[in-house]
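Below: one structure, written as C-alpha coordinates.
Proteins come first, then strands; the chains are lettered A, B, ... in the order of their sequence lines, and each starts at number 1.
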Number of protein chains: 2
Amino acid sequence: MPKAVVSEEKRRRRRPTRGGRVLSERLIVDTALRLLREHGSSGLSARRLGLALDCDPSTLYRYFRGMDELTLAIGDTLIGQALSGWSPTGDWRDDLRALGRRIHQAYVAHPQAAVLTTSRVTGRANELAADEAVLGVLRAAGLPVAAAVRVYHAFIDQTLAFAALDAASLALPNAALRAEDEVWSTYARLPATTHPHLAEAAPLLATEMVLSAYPSALELLLDAVATRLAAA
Amino acid sequence: MPKAVVSEEKRRRRRPTRGGRVLSERLIVDTALRLLREHGSSGLSARRLGLALDCDPSTLYRYFRGMDELTLAIGDTLIGQALSGWSPTGDWRDDLRALGRRIHQAYVAHPQAAVLTTSRVTGRANELAADEAVLGVLRAAGLPVAAAVRVYHAFIDQTLAFAALDAASLALPNAALRAEDEVWSTYARLPATTHPHLAEAAPLLATEMVLSAYPSALELLLDAVATRLAAA
DNA sequence: ACGTAAGGTCAACTGTGTTGGCATAAGAGT
DNA sequence: ACTCTTATGCCAACACAGTTGACCTTACGT
(Lines give C-alpha, C1' and ligand atoms only; values in the text may rest on other atoms or scores of the structure.)
Protein backbone atom coordinates (compact mmCIF):
# COMPACT_ATOMS: atom_id res chain seq x y z
CA MET A 1 0.00 0.00 0.00
CA PRO A 2 2.12 2.58 -1.25
CA LYS A 3 0.19 5.76 -0.64
CA ALA A 4 2.22 7.31 -3.43
CA VAL A 5 3.58 5.35 -6.34
CA VAL A 6 7.21 6.04 -7.09
CA SER A 7 7.51 7.58 -10.53
CA GLU A 8 9.34 5.66 -13.19
CA GLU A 9 12.36 7.99 -13.32
CA LYS A 10 12.77 7.99 -9.55
CA ARG A 11 12.78 4.23 -9.39
CA ARG A 12 16.05 3.11 -7.92
CA ARG A 13 16.26 -0.41 -6.68
CA ARG A 14 15.19 -3.13 -9.04
CA ARG A 15 14.61 -6.36 -7.26
CA PRO A 16 13.63 -9.27 -9.48
CA THR A 17 10.40 -11.12 -8.77
CA ARG A 18 10.50 -14.70 -7.54
CA GLY A 19 10.50 -15.70 -11.19
CA GLY A 20 13.63 -13.68 -11.82
CA ARG A 21 12.08 -10.97 -14.00
CA VAL A 22 12.73 -7.31 -13.31
CA LEU A 23 9.53 -5.31 -13.54
CA SER A 24 8.97 -1.93 -15.14
CA GLU A 25 5.99 0.15 -16.25
CA ARG A 26 6.83 -0.75 -19.80
CA LEU A 27 6.95 -4.49 -19.17
CA ILE A 28 3.70 -4.41 -17.25
CA VAL A 29 1.84 -2.46 -19.93
CA ASP A 30 3.14 -4.72 -22.69
CA THR A 31 2.11 -7.81 -20.79
CA ALA A 32 -1.30 -6.29 -20.15
CA LEU A 33 -1.71 -5.68 -23.88
CA ARG A 34 -0.83 -9.31 -24.55
CA LEU A 35 -3.34 -10.54 -21.99
CA LEU A 36 -6.03 -8.33 -23.47
CA ARG A 37 -5.39 -9.72 -26.92
CA GLU A 38 -5.39 -13.31 -25.70
CA HIS A 39 -8.26 -13.23 -23.26
CA GLY A 40 -10.51 -10.43 -24.49
CA SER A 41 -11.28 -7.03 -23.06
CA SER A 42 -12.51 -8.43 -19.77
CA GLY A 43 -9.56 -10.80 -19.55
CA LEU A 44 -7.25 -8.33 -17.87
CA SER A 45 -7.12 -8.68 -14.12
CA ALA A 46 -4.55 -7.97 -11.48
CA ARG A 47 -4.41 -11.63 -10.69
CA ARG A 48 -3.91 -12.78 -14.24
CA LEU A 49 -1.33 -10.10 -14.77
CA GLY A 50 0.49 -11.29 -11.68
CA LEU A 51 0.41 -14.82 -13.02
CA ALA A 52 1.76 -13.78 -16.40
CA LEU A 53 4.54 -11.71 -14.84
CA ASP A 54 5.18 -14.34 -12.19
CA CYS A 55 4.69 -11.86 -9.38
CA ASP A 56 2.13 -11.21 -6.71
CA PRO A 57 -0.85 -9.14 -7.88
CA SER A 58 -0.25 -6.64 -5.12
CA THR A 59 3.17 -5.85 -6.55
CA LEU A 60 1.44 -3.97 -9.36
CA TYR A 61 0.39 -1.36 -6.84
CA ARG A 62 4.02 -0.32 -6.59
CA TYR A 63 3.77 0.81 -10.19
CA PHE A 64 0.19 1.98 -10.58
CA ARG A 65 -2.26 3.39 -8.07
CA GLY A 66 -4.78 0.81 -9.23
CA MET A 67 -6.11 -0.98 -12.27
CA ASP A 68 -7.64 2.25 -13.50
CA GLU A 69 -4.31 4.04 -13.68
CA LEU A 70 -2.86 1.04 -15.49
CA THR A 71 -5.69 1.36 -17.98
CA LEU A 72 -4.78 4.98 -18.66
CA ALA A 73 -1.15 3.98 -19.21
CA ILE A 74 -2.27 1.40 -21.75
CA GLY A 75 -4.26 4.05 -23.58
CA ASP A 76 -1.31 6.40 -23.71
CA THR A 77 0.86 3.62 -25.10
CA LEU A 78 -1.60 3.14 -27.96
CA ILE A 79 -1.46 6.84 -28.84
CA GLY A 80 2.32 6.64 -28.69
CA GLN A 81 2.28 3.81 -31.21
CA ALA A 82 0.00 5.83 -33.45
CA LEU A 83 2.38 8.79 -33.48
CA SER A 84 5.67 6.94 -33.68
CA GLY A 85 7.39 7.72 -36.93
CA TRP A 86 4.94 10.38 -38.00
CA SER A 87 6.06 13.85 -38.98
CA PRO A 88 4.17 16.69 -40.67
CA THR A 89 4.52 17.07 -44.43
CA GLY A 90 3.24 20.63 -44.57
CA ASP A 91 0.04 19.73 -46.42
CA TRP A 92 -2.58 20.16 -43.72
CA ARG A 93 -5.07 17.90 -45.40
CA ASP A 94 -2.65 15.01 -45.79
CA ASP A 95 -1.35 15.55 -42.29
CA LEU A 96 -4.75 15.59 -40.66
CA ARG A 97 -5.86 12.55 -42.63
CA ALA A 98 -2.72 10.68 -41.63
CA LEU A 99 -3.11 11.57 -37.95
CA GLY A 100 -6.73 10.51 -37.92
CA ARG A 101 -6.07 7.23 -39.70
CA ARG A 102 -3.07 6.44 -37.52
CA ILE A 103 -4.92 7.00 -34.27
CA HIS A 104 -7.97 5.14 -35.46
CA GLN A 105 -5.79 2.30 -36.70
CA ALA A 106 -3.75 2.07 -33.50
CA TYR A 107 -6.89 1.60 -31.47
CA VAL A 108 -8.47 -0.83 -33.90
CA ALA A 109 -5.23 -2.84 -33.92
CA HIS A 110 -5.76 -3.47 -30.21
CA PRO A 111 -9.53 -3.65 -30.01
CA GLN A 112 -9.70 -5.21 -26.57
CA ALA A 113 -7.44 -2.53 -25.13
CA ALA A 114 -9.20 0.21 -27.05
CA VAL A 115 -12.52 -0.71 -25.52
CA LEU A 116 -11.10 0.04 -22.11
CA THR A 117 -9.25 3.22 -22.91
CA THR A 118 -11.04 5.21 -25.57
CA SER A 119 -13.02 8.07 -24.16
CA ARG A 120 -10.60 8.58 -21.30
CA VAL A 121 -8.54 11.74 -21.17
CA THR A 122 -5.23 10.80 -19.65
CA GLY A 123 -3.10 13.90 -19.90
CA ARG A 124 -0.04 11.70 -20.22
CA ALA A 125 2.90 12.43 -22.47
CA ASN A 126 1.82 10.81 -25.73
CA GLU A 127 -1.68 12.20 -25.59
CA LEU A 128 -0.27 15.66 -25.12
CA ALA A 129 1.99 15.16 -28.12
CA ALA A 130 -0.97 14.09 -30.27
CA ASP A 131 -3.07 17.09 -29.29
CA GLU A 132 -0.15 19.39 -29.93
CA ALA A 133 0.36 17.85 -33.37
CA VAL A 134 -3.27 18.27 -34.42
CA LEU A 135 -3.44 21.86 -33.21
CA GLY A 136 -0.13 22.59 -34.90
CA VAL A 137 -1.37 21.35 -38.25
CA LEU A 138 -4.55 23.42 -38.01
CA ARG A 139 -2.76 26.60 -36.98
CA ALA A 140 -0.18 26.17 -39.73
CA ALA A 141 -3.02 25.76 -42.22
CA GLY A 142 -4.09 29.25 -41.32
CA LEU A 143 -7.02 28.76 -38.96
CA PRO A 144 -7.36 31.29 -36.14
CA VAL A 145 -7.06 29.87 -32.63
CA ALA A 146 -10.76 29.73 -31.88
CA ALA A 147 -11.63 27.94 -35.11
CA ALA A 148 -8.69 25.58 -34.71
CA VAL A 149 -9.92 24.58 -31.28
CA ARG A 150 -13.39 23.82 -32.58
CA VAL A 151 -12.09 21.75 -35.46
CA TYR A 152 -9.64 20.01 -33.17
CA HIS A 153 -12.53 19.08 -30.92
CA ALA A 154 -14.64 17.64 -33.71
CA PHE A 155 -11.64 15.87 -35.19
CA ILE A 156 -10.39 14.20 -32.06
CA ASP A 157 -13.83 13.29 -30.79
CA GLN A 158 -14.84 11.82 -34.12
CA THR A 159 -11.65 9.80 -34.38
CA LEU A 160 -11.89 8.42 -30.89
CA ALA A 161 -15.62 7.85 -31.17
CA PHE A 162 -15.34 5.76 -34.30
CA ALA A 163 -12.30 4.00 -32.95
CA ALA A 164 -14.28 3.02 -29.90
CA LEU A 165 -17.23 1.81 -31.91
CA ASP A 166 -15.15 -0.15 -34.41
CA ALA A 167 -12.98 -1.58 -31.68
CA ALA A 168 -16.02 -2.64 -29.71
CA SER A 169 -17.34 -4.84 -32.48
CA LEU A 170 -13.90 -6.27 -33.17
CA ALA A 171 -13.38 -7.00 -29.50
CA LEU A 172 -16.53 -9.01 -29.04
CA PRO A 173 -15.75 -12.58 -28.01
CA ASN A 174 -16.46 -15.19 -30.63
CA ALA A 175 -19.74 -16.26 -29.12
CA ALA A 176 -21.08 -12.72 -29.10
CA LEU A 177 -19.77 -12.19 -32.62
CA ARG A 178 -21.75 -15.13 -33.89
CA ALA A 179 -24.73 -13.77 -31.98
CA GLU A 180 -24.41 -10.45 -33.82
CA ASP A 181 -24.25 -12.29 -37.13
CA GLU A 182 -27.46 -14.00 -36.09
CA VAL A 183 -29.00 -10.61 -35.51
CA TRP A 184 -28.15 -9.36 -38.97
CA SER A 185 -29.53 -12.47 -40.59
CA THR A 186 -32.60 -12.11 -38.41
CA TYR A 187 -33.14 -8.85 -40.25
CA ALA A 188 -33.50 -10.87 -43.42
CA ARG A 189 -36.31 -12.93 -41.94
CA LEU A 190 -38.36 -9.94 -40.86
CA PRO A 191 -41.83 -9.78 -42.38
CA ALA A 192 -41.93 -7.17 -45.14
CA THR A 193 -45.24 -5.98 -43.80
CA THR A 194 -43.89 -4.65 -40.51
CA HIS A 195 -40.32 -3.80 -41.55
CA PRO A 196 -40.31 -3.35 -45.32
CA HIS A 197 -37.12 -1.29 -45.55
CA LEU A 198 -35.12 -3.53 -43.27
CA ALA A 199 -36.23 -6.61 -45.18
CA GLU A 200 -35.23 -4.96 -48.44
CA ALA A 201 -31.85 -3.81 -47.13
CA ALA A 202 -30.99 -6.94 -45.16
CA PRO A 203 -28.53 -8.56 -47.60
CA LEU A 204 -26.65 -5.29 -48.06
CA LEU A 205 -26.61 -4.62 -44.32
CA ALA A 206 -24.91 -7.91 -43.59
CA THR A 207 -21.89 -6.94 -45.70
CA GLU A 208 -21.92 -3.18 -45.10
CA MET A 209 -22.02 -3.27 -41.31
CA VAL A 210 -18.73 -5.07 -40.92
CA LEU A 211 -16.84 -2.15 -42.49
CA SER A 212 -15.86 1.01 -40.68
CA ALA A 213 -17.62 4.25 -41.51
CA TYR A 214 -14.65 6.24 -40.24
CA PRO A 215 -12.86 6.93 -43.54
CA SER A 216 -15.88 8.58 -45.12
CA ALA A 217 -16.69 10.50 -41.96
CA LEU A 218 -13.11 11.76 -41.89
CA GLU A 219 -13.29 12.99 -45.47
CA LEU A 220 -16.49 14.84 -44.63
CA LEU A 221 -14.69 16.66 -41.85
CA LEU A 222 -11.73 17.51 -44.05
CA ASP A 223 -14.09 18.93 -46.67
CA ALA A 224 -15.70 21.11 -44.05
CA VAL A 225 -12.32 22.47 -42.96
CA ALA A 226 -11.34 23.16 -46.56
CA THR A 227 -14.55 25.12 -47.09
CA ARG A 228 -13.86 27.20 -44.00
CA LEU A 229 -10.29 27.91 -45.11
CA ALA A 230 -11.41 28.92 -48.59
CA ALA A 231 -13.97 31.33 -47.17
CA ALA A 232 -11.37 33.22 -45.14
CA MET B 1 -30.08 -22.33 -13.58
CA PRO B 2 -32.96 -21.73 -15.83
CA LYS B 3 -31.59 -23.09 -19.07
CA ALA B 4 -34.14 -21.06 -20.94
CA VAL B 5 -35.67 -17.85 -19.69
CA VAL B 6 -39.42 -17.71 -20.04
CA SER B 7 -40.31 -14.92 -22.42
CA GLU B 8 -42.32 -12.02 -21.10
CA GLU B 9 -45.53 -12.88 -22.95
CA LYS B 10 -45.44 -16.50 -21.86
CA ARG B 11 -45.08 -15.60 -18.23
CA ARG B 12 -48.03 -17.01 -16.36
CA ARG B 13 -47.71 -17.15 -12.64
CA ARG B 14 -46.72 -14.00 -10.89
CA ARG B 15 -45.52 -14.72 -7.45
CA PRO B 16 -44.60 -11.67 -5.38
CA THR B 17 -41.15 -11.45 -3.81
CA ARG B 18 -40.74 -11.57 -0.06
CA GLY B 19 -41.16 -7.80 -0.11
CA GLY B 20 -44.52 -8.12 -1.82
CA ARG B 21 -43.53 -6.69 -5.19
CA VAL B 22 -44.40 -8.47 -8.40
CA LEU B 23 -41.45 -8.50 -10.76
CA SER B 24 -41.44 -7.90 -14.49
CA GLU B 25 -38.86 -7.13 -17.15
CA ARG B 26 -40.10 -3.58 -17.17
CA LEU B 27 -39.76 -3.10 -13.42
CA ILE B 28 -36.30 -4.63 -13.38
CA VAL B 29 -35.01 -2.46 -16.21
CA ASP B 30 -36.44 0.69 -14.67
CA THR B 31 -34.88 -0.10 -11.33
CA ALA B 32 -31.57 -0.81 -13.05
CA LEU B 33 -31.72 2.59 -14.71
CA ARG B 34 -32.32 4.21 -11.34
CA LEU B 35 -29.39 2.39 -9.78
CA LEU B 36 -27.15 3.42 -12.66
CA ARG B 37 -28.10 7.04 -12.21
CA GLU B 38 -27.58 6.92 -8.47
CA HIS B 39 -24.43 4.86 -8.26
CA GLY B 40 -22.65 5.42 -11.56
CA SER B 41 -22.03 3.16 -14.50
CA SER B 42 -20.25 0.55 -12.43
CA GLY B 43 -22.88 0.74 -9.72
CA LEU B 44 -25.19 -1.80 -11.27
CA SER B 45 -24.80 -5.28 -9.85
CA ALA B 46 -27.04 -8.26 -9.44
CA ARG B 47 -26.79 -7.95 -5.70
CA ARG B 48 -27.59 -4.26 -5.56
CA LEU B 49 -30.46 -4.80 -7.94
CA GLY B 50 -31.73 -7.57 -5.70
CA LEU B 51 -31.49 -5.26 -2.74
CA ALA B 52 -33.39 -2.48 -4.50
CA LEU B 53 -36.12 -4.86 -5.68
CA ASP B 54 -36.15 -6.67 -2.37
CA CYS B 55 -35.54 -10.01 -4.01
CA ASP B 56 -32.71 -12.48 -4.23
CA PRO B 57 -30.12 -11.70 -6.91
CA SER B 58 -30.56 -15.13 -8.43
CA THR B 59 -34.20 -14.37 -9.11
CA LEU B 60 -33.08 -12.03 -11.89
CA TYR B 61 -31.93 -15.06 -13.83
CA ARG B 62 -35.56 -16.00 -14.29
CA TYR B 63 -35.93 -12.86 -16.38
CA PHE B 64 -32.57 -12.46 -18.07
CA ARG B 65 -29.97 -15.02 -19.04
CA GLY B 66 -27.40 -12.91 -17.22
CA MET B 67 -26.31 -9.38 -16.53
CA ASP B 68 -25.28 -9.01 -20.15
CA GLU B 69 -28.75 -9.68 -21.46
CA LEU B 70 -30.13 -7.23 -18.91
CA THR B 71 -27.71 -4.67 -20.28
CA LEU B 72 -29.04 -5.18 -23.79
CA ALA B 73 -32.59 -4.74 -22.52
CA ILE B 74 -31.58 -1.45 -20.91
CA GLY B 75 -30.12 -0.27 -24.20
CA ASP B 76 -33.26 -1.16 -26.08
CA THR B 77 -35.32 0.76 -23.55
CA LEU B 78 -33.24 3.87 -24.23
CA ILE B 79 -33.86 3.59 -27.95
CA GLY B 80 -37.53 3.12 -27.22
CA GLN B 81 -37.56 6.36 -25.25
CA ALA B 82 -35.82 8.14 -28.12
CA LEU B 83 -38.45 7.04 -30.60
CA SER B 84 -41.53 7.42 -28.48
CA GLY B 85 -43.77 10.11 -29.91
CA TRP B 86 -41.76 10.58 -33.09
CA SER B 87 -43.34 10.34 -36.49
CA PRO B 88 -41.98 11.28 -39.91
CA THR B 89 -42.87 14.72 -41.32
CA GLY B 90 -41.96 13.92 -44.90
CA ASP B 91 -38.96 16.27 -45.00
CA TRP B 92 -36.06 13.83 -44.98
CA ARG B 93 -33.61 16.36 -43.63
CA ASP B 94 -35.76 17.35 -40.68
CA ASP B 95 -36.62 13.73 -40.03
CA LEU B 96 -33.04 12.52 -40.05
CA ARG B 97 -31.92 15.41 -37.88
CA ALA B 98 -34.71 14.71 -35.41
CA LEU B 99 -33.92 11.00 -35.26
CA GLY B 100 -30.22 11.65 -34.72
CA ARG B 101 -30.80 14.23 -32.02
CA ARG B 102 -33.39 12.12 -30.25
CA ILE B 103 -31.19 9.05 -30.11
CA HIS B 104 -28.14 11.05 -29.07
CA GLN B 105 -30.20 12.84 -26.46
CA ALA B 106 -31.76 9.68 -25.05
CA TYR B 107 -28.35 8.20 -24.43
CA VAL B 108 -26.87 11.38 -23.03
CA ALA B 109 -29.86 11.68 -20.69
CA HIS B 110 -28.79 8.39 -19.12
CA PRO B 111 -25.03 8.64 -19.37
CA GLN B 112 -24.26 5.84 -16.95
CA ALA B 113 -26.55 3.46 -18.80
CA ALA B 114 -25.33 4.65 -22.18
CA VAL B 115 -21.76 3.80 -21.31
CA LEU B 116 -22.79 0.18 -20.88
CA THR B 117 -25.02 -0.17 -23.89
CA THR B 118 -23.80 1.96 -26.76
CA SER B 119 -21.91 -0.08 -29.31
CA ARG B 120 -23.99 -3.17 -28.66
CA VAL B 121 -26.30 -4.45 -31.36
CA THR B 122 -29.31 -5.92 -29.60
CA GLY B 123 -31.73 -6.84 -32.35
CA ARG B 124 -34.57 -6.18 -29.94
CA ALA B 125 -37.84 -4.55 -30.88
CA ASN B 126 -37.06 -0.88 -30.40
CA GLU B 127 -33.72 -1.07 -32.14
CA LEU B 128 -35.39 -2.71 -35.12
CA ALA B 129 -37.96 0.07 -35.19
CA ALA B 130 -35.24 2.73 -35.18
CA ASP B 131 -33.33 1.11 -38.01
CA GLU B 132 -36.52 0.73 -40.00
CA ALA B 133 -37.33 4.40 -39.44
CA VAL B 134 -33.94 5.65 -40.63
CA LEU B 135 -33.94 3.43 -43.72
CA GLY B 136 -37.51 4.48 -44.45
CA VAL B 137 -36.62 8.17 -44.40
CA LEU B 138 -33.64 7.65 -46.70
CA ARG B 139 -35.58 5.54 -49.20
CA ALA B 140 -38.45 8.00 -49.24
CA ALA B 141 -35.97 10.78 -49.94
CA GLY B 142 -35.12 8.97 -53.13
CA LEU B 143 -31.87 7.19 -52.37
CA PRO B 144 -31.41 3.79 -54.02
CA VAL B 145 -31.10 0.86 -51.62
CA ALA B 146 -27.31 0.54 -51.75
CA ALA B 147 -26.72 4.24 -51.10
CA ALA B 148 -29.34 4.28 -48.37
CA VAL B 149 -27.57 1.45 -46.60
CA ARG B 150 -24.24 3.25 -46.72
CA VAL B 151 -25.71 6.48 -45.39
CA TYR B 152 -27.65 4.57 -42.76
CA HIS B 153 -24.41 3.01 -41.62
CA ALA B 154 -22.55 6.30 -41.34
CA PHE B 155 -25.54 7.94 -39.68
CA ILE B 156 -26.20 5.34 -37.03
CA ASP B 157 -22.54 4.77 -36.24
CA GLN B 158 -21.85 8.46 -35.95
CA THR B 159 -24.82 8.99 -33.69
CA LEU B 160 -23.97 6.12 -31.40
CA ALA B 161 -20.27 6.93 -31.44
CA PHE B 162 -20.79 10.51 -30.30
CA ALA B 163 -23.44 9.44 -27.84
CA ALA B 164 -20.98 7.02 -26.31
CA LEU B 165 -18.22 9.59 -26.09
CA ASP B 166 -20.42 12.34 -24.69
CA ALA B 167 -22.05 9.95 -22.26
CA ALA B 168 -18.68 8.71 -21.10
CA SER B 169 -17.55 12.12 -19.98
CA LEU B 170 -20.90 12.86 -18.35
CA ALA B 171 -20.83 9.54 -16.55
CA LEU B 172 -17.47 10.01 -14.93
CA PRO B 173 -17.76 10.01 -11.14
CA ASN B 174 -17.15 13.35 -9.51
CA ALA B 175 -13.61 12.54 -8.50
CA ALA B 176 -12.61 11.62 -12.03
CA LEU B 177 -14.41 14.68 -13.36
CA ARG B 178 -12.34 16.94 -11.21
CA ALA B 179 -9.28 15.01 -12.32
CA GLU B 180 -10.16 15.75 -15.95
CA ASP B 181 -10.56 19.40 -15.13
CA GLU B 182 -7.11 19.23 -13.62
CA VAL B 183 -5.83 17.81 -16.88
CA TRP B 184 -7.24 20.64 -18.95
CA SER B 185 -5.80 23.24 -16.64
CA THR B 186 -2.51 21.38 -16.75
CA TYR B 187 -2.55 22.17 -20.45
CA ALA B 188 -2.41 25.81 -19.51
CA ARG B 189 0.75 25.31 -17.51
CA LEU B 190 2.63 23.59 -20.32
CA PRO B 191 5.85 25.32 -21.38
CA ALA B 192 5.30 27.15 -24.63
CA THR B 193 8.62 25.86 -25.86
CA THR B 194 7.60 22.22 -25.99
CA HIS B 195 3.86 22.60 -26.60
CA PRO B 196 3.30 26.03 -28.10
CA HIS B 197 -0.08 25.32 -29.69
CA LEU B 198 -1.54 23.64 -26.63
CA ALA B 199 -0.40 26.48 -24.41
CA GLU B 200 -1.98 28.98 -26.76
CA ALA B 201 -5.24 27.06 -27.03
CA ALA B 202 -5.51 26.06 -23.37
CA PRO B 203 -8.11 28.60 -22.20
CA LEU B 204 -10.35 27.88 -25.19
CA LEU B 205 -9.96 24.14 -24.75
CA ALA B 206 -11.24 24.27 -21.21
CA THR B 207 -14.57 25.69 -22.32
CA GLU B 208 -14.84 24.00 -25.73
CA MET B 209 -14.25 20.45 -24.59
CA VAL B 210 -17.28 20.30 -22.33
CA LEU B 211 -19.61 20.73 -25.31
CA SER B 212 -20.67 17.98 -27.68
CA ALA B 213 -19.35 17.98 -31.22
CA TYR B 214 -22.31 15.91 -32.38
CA PRO B 215 -24.59 18.64 -33.70
CA SER B 216 -21.98 19.96 -36.13
CA ALA B 217 -20.95 16.47 -37.18
CA LEU B 218 -24.60 15.67 -37.87
CA GLU B 219 -25.02 18.73 -40.08
CA LEU B 220 -21.93 17.68 -42.03
CA LEU B 221 -23.51 14.33 -42.72
CA LEU B 222 -26.82 15.86 -43.77
CA ASP B 223 -24.98 18.15 -46.17
CA ALA B 224 -23.24 15.17 -47.70
CA VAL B 225 -26.57 13.39 -48.24
CA ALA B 226 -28.07 16.51 -49.80
CA THR B 227 -25.18 16.73 -52.23
CA ARG B 228 -25.64 13.11 -53.22
CA LEU B 229 -29.38 13.60 -53.75
CA ALA B 230 -28.85 16.71 -55.85
CA ALA B 231 -26.37 14.89 -58.08
CA ALA B 232 -28.83 12.13 -58.95
C1' DA C 1 30.46 -2.28 5.07
C1' DC C 2 26.27 -0.55 6.63
C1' DG C 3 21.63 1.32 7.09
C1' DT C 4 17.64 2.56 4.69
C1' DA C 5 13.79 2.11 2.19
C1' DA C 6 12.13 0.28 -2.47
C1' DG C 7 9.79 -3.08 -3.75
C1' DG C 8 8.70 -7.86 -3.46
C1' DT C 9 5.34 -11.35 -0.93
C1' DC C 10 1.44 -13.15 1.95
C1' DA C 11 -3.03 -13.28 3.87
C1' DA C 12 -7.30 -11.33 4.24
C1' DC C 13 -11.30 -8.33 3.27
C1' DT C 14 -15.34 -7.14 0.51
C1' DG C 15 -17.87 -7.36 -3.69
C1' DT C 16 -18.87 -9.62 -8.16
C1' DG C 17 -21.56 -12.98 -11.56
C1' DT C 18 -23.49 -17.34 -11.62
C1' DT C 19 -25.48 -22.03 -10.53
C1' DG C 20 -27.81 -26.24 -8.41
C1' DG C 21 -31.16 -27.61 -5.25
C1' DC C 22 -35.15 -26.78 -2.90
C1' DA C 23 -39.74 -24.85 -1.60
C1' DT C 24 -44.10 -22.77 -2.53
C1' DA C 25 -47.95 -20.67 -4.29
C1' DA C 26 -50.48 -19.46 -8.61
C1' DG C 27 -53.16 -20.94 -11.93
C1' DA C 28 -55.30 -24.80 -15.11
C1' DG C 29 -58.32 -28.54 -15.40
C1' DT C 30 -61.69 -31.10 -13.50
C1' DA D 1 -63.35 -26.64 -4.34
C1' DC D 2 -59.61 -29.85 -4.93
C1' DT D 3 -55.84 -31.29 -6.96
C1' DC D 4 -51.49 -31.27 -9.89
C1' DT D 5 -47.97 -28.99 -12.26
C1' DT D 6 -44.65 -25.91 -12.79
C1' DA D 7 -43.21 -21.09 -12.82
C1' DT D 8 -40.75 -18.59 -10.08
C1' DG D 9 -39.16 -17.35 -5.80
C1' DC D 10 -35.14 -18.23 -2.15
C1' DC D 11 -30.75 -20.12 -0.13
C1' DA D 12 -26.02 -21.56 -0.02
C1' DA D 13 -21.96 -21.96 -2.32
C1' DC D 14 -18.50 -21.34 -6.00
C1' DA D 15 -14.59 -18.96 -8.29
C1' DC D 16 -13.17 -14.74 -9.47
C1' DA D 17 -12.40 -9.62 -8.98
C1' DG D 18 -9.78 -5.25 -6.77
C1' DT D 19 -7.50 -3.64 -2.94
C1' DT D 20 -4.94 -3.15 1.53
C1' DG D 21 -1.86 -3.70 5.71
C1' DA D 22 1.91 -5.98 7.62
C1' DC D 23 5.98 -8.15 6.82
C1' DC D 24 10.50 -9.35 4.81
C1' DT D 25 14.57 -8.98 1.94
C1' DT D 26 17.79 -7.27 -0.93
C1' DA D 27 19.90 -3.59 -3.86
C1' DC D 28 21.78 0.61 -3.58
C1' DG D 29 23.76 5.36 -1.76
C1' DT D 30 26.76 6.69 1.46
Grab the [atom1]-[atom2] distance between [X] and [N] for me, whole Å please.
{"X": "A/Phe64", "N": "D/dT20", "atom1": "CZ", "atom2": "P", "result": "16 Å"}
{"X": "B/Arg62", "N": "D/dC11", "atom1": "CZ", "atom2": "C1'", "result": "12 Å"}
{"X": "A/Leu27", "N": "C/dG7", "atom1": "CG", "atom2": "C1'", "result": "15 Å"}
{"X": "A/Leu70", "N": "D/dA17", "atom1": "CG", "atom2": "C1'", "result": "15 Å"}
{"X": "B/Asp56", "N": "C/dT16", "atom1": "CG", "atom2": "P", "result": "14 Å"}
{"X": "B/Leu35", "N": "C/dT16", "atom1": "CG", "atom2": "P", "result": "11 Å"}
{"X": "B/Arg65", "N": "C/dG17", "atom1": "CZ", "atom2": "P", "result": "18 Å"}
{"X": "B/Leu116", "N": "C/dT16", "atom1": "CG", "atom2": "P", "result": "14 Å"}

### Carboxylate-amine/guanidinium contact B/Arg120 B/Glu69, below 4.0 Å
no

### Task
Indicate whether the side chain of B/Thr17 and that of B/Asp54 have a donor and an acceptor atom separated by less than 3.5 Å.
no

### Message
We want to know whether B/Tyr107 and B/Asp166 form a side-chain donor-acceptor pair, criterion being a heavy-atom distance below 3.5 angstrom.
### Response
no

### Message
I need the residues from residues 46-54 of chain A with at least one non-hydrogen atom less than 4.0 Å from DNA chain D; give them sorted by number, or say none.
### Response
A/Ala46, A/Arg47

OP1, OP2 of [N] versus side-chain N and O of [X]: anything below 4.0 Å?
{"X": "A/Ser45", "N": "D/dA17", "answer": "yes"}
{"X": "A/Thr59", "N": "C/dT9", "answer": "yes"}
{"X": "A/Tyr63", "N": "C/dG8", "answer": "yes"}

### Message
Nearest to the side chain of A/Met67, heavy atoms from C-beta on, is which of C/dC10, C/dT18, D/dG18?
### Response
D/dG18

### Task
Indicate the ring-plane relationship of A/Phe162 and A/Tyr214, choosing parallel, tilted or perpendicular according to the 30° and 60° boundaries.
tilted

### Message
Restricting to ring pair (Phe, Tyr, Trp, His ring centres under 6.0 Å), what partner residues turn up for A/His197, sequence neighbours left out?
### Response
none

### Task
Answer yes or no: side-chain N or O of B/Ser58 and base N or O of D/dC11 forming a donor-acceptor pair under 3.5 Å.
yes

## Note on the structure
Residues at least two apart in sequence or cross-chain that pass salt bridge (charged side-chain N to carboxylate O under 4.0 Å, His left out) with B/Glu208, listed by chain then number, are none

### Query
Can you name the nearest heavy-atom pair linking A/Ala171 to A/Val115, along with the distance?
CB-CG2, 3.7 Å

Pairs of donor and acceptor atoms involving the side chains of residues 27-35 of chain A, under 3.5 Å and at least two apart or interchain, shall be tabulated with distances.
from, atom 1, to, atom 2, distance (Å)
A/Asp30, OD2, A/Arg26, NE, 3.2
A/Thr31, OG1, A/Leu27, O, 2.7
A/Arg34, NE, A/Glu38, OE2, 3.4

For nucleotides 1-3 of chain D, tabulate all protein N/O to nucleotide N/O atom pairs closer than 3.5 Å, reporting atom names and distance.
none

### Message
If you assign B/Leu44 and B/Pro16 each to the DNA chain C nucleotide with the nearest heavy atom, which residue ends up on the more 5' nucleotide?
### Response
B/Leu44

### Pairs satisfying salt bridge (Lys or Arg N to Asp or Glu O under 4.0 Å), at least one member in residues 188-198 of chain B, at least two apart
none

